[in-house]
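Structure record follows, encoded as structure tokens.
Sequential numbering from 1 along the given sequence is applied to the chain's residues. Worth saying up front: this structure is predicted, and the values here are computed from it rather than measured.
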Amino acid sequence: MLPRSTWYWWQSREAIGCDVALCDIIRQIAIRHKRRYGYRRVTATLHNQGCG
């Protein structure tokens with residue numbers, strides 16, 4: 001039998017995998033702009049690209 005806490009931990013771990021693609025896009029934006037963009041400009045760029 002699997003403990004309940006392990007089950008919920010495993011489920012949350014799988015949910016985190018969905019954000020990997022978004023993290024990659026954010027990294028690409030930061031690198032493209034030499035890491036001079038703050039979170040507001042990164043967010044605006046994401047919205048302009050249709051990701052947010």
Side-chain angles (χ1 to χ4, degrees):
M1 181 169 208
L2 190 67
R4 184 181 297 181
S5 61
T6 304
W7 170 259
Y8 285 114
W9 171 79
W10 185 259
Q11 293 299 314
S12 68
R13 186 171 162 241
E14 289 180 356
I16 291 172
C18 297
D19 294 332
V20 172
L22 181 61
C23 288
D24 288 340
I25 294 170
I26 291 171
R27 272 192 209 99
Q28 290 172 2
I29 292 170
I31 291 170
R32 188 179 323 131
H33 297 285
K34 300 179 184 176
R35 295 197 165 112
R36 293 184 182 166
Y37 270 18
Y39 75 92
R40 289 185 178 108
R41 290 177 93 179
V42 170
T43 303
T45 305
L46 286 172
H47 284 290
N48 290 337
Q49 292 180 0
C51 296

Point to revise | Distance (rounded to the nearest 0.5 Å) between Ile29 CD1 and Gln49 CD | key: 4.5 Å
Review point. Taking only residues two or more places apart in sequence, or in another chain, which ones meet Thr6 in a side-chain contact (heavy atoms from CB on, under 4.5 Å)?
Key: Leu2, Pro3
Exercise for review: Give the minimum heavy-atom separation between Asp24 and Arg27, together with the two atoms involved.
Suggested key: OD1-NH1, 3.1 Å
Point to revise | Spacing of Ile31 atom CD1 and Ile26 atom CD1 [to the nearest 0.5 Å] | key: 12.0 Å
Review point. In terms of heavy-atom contacts, does CZ of Arg4 have more than 12 from other residues, nucleotides or ligands at under 6.0 Å?
Key: no
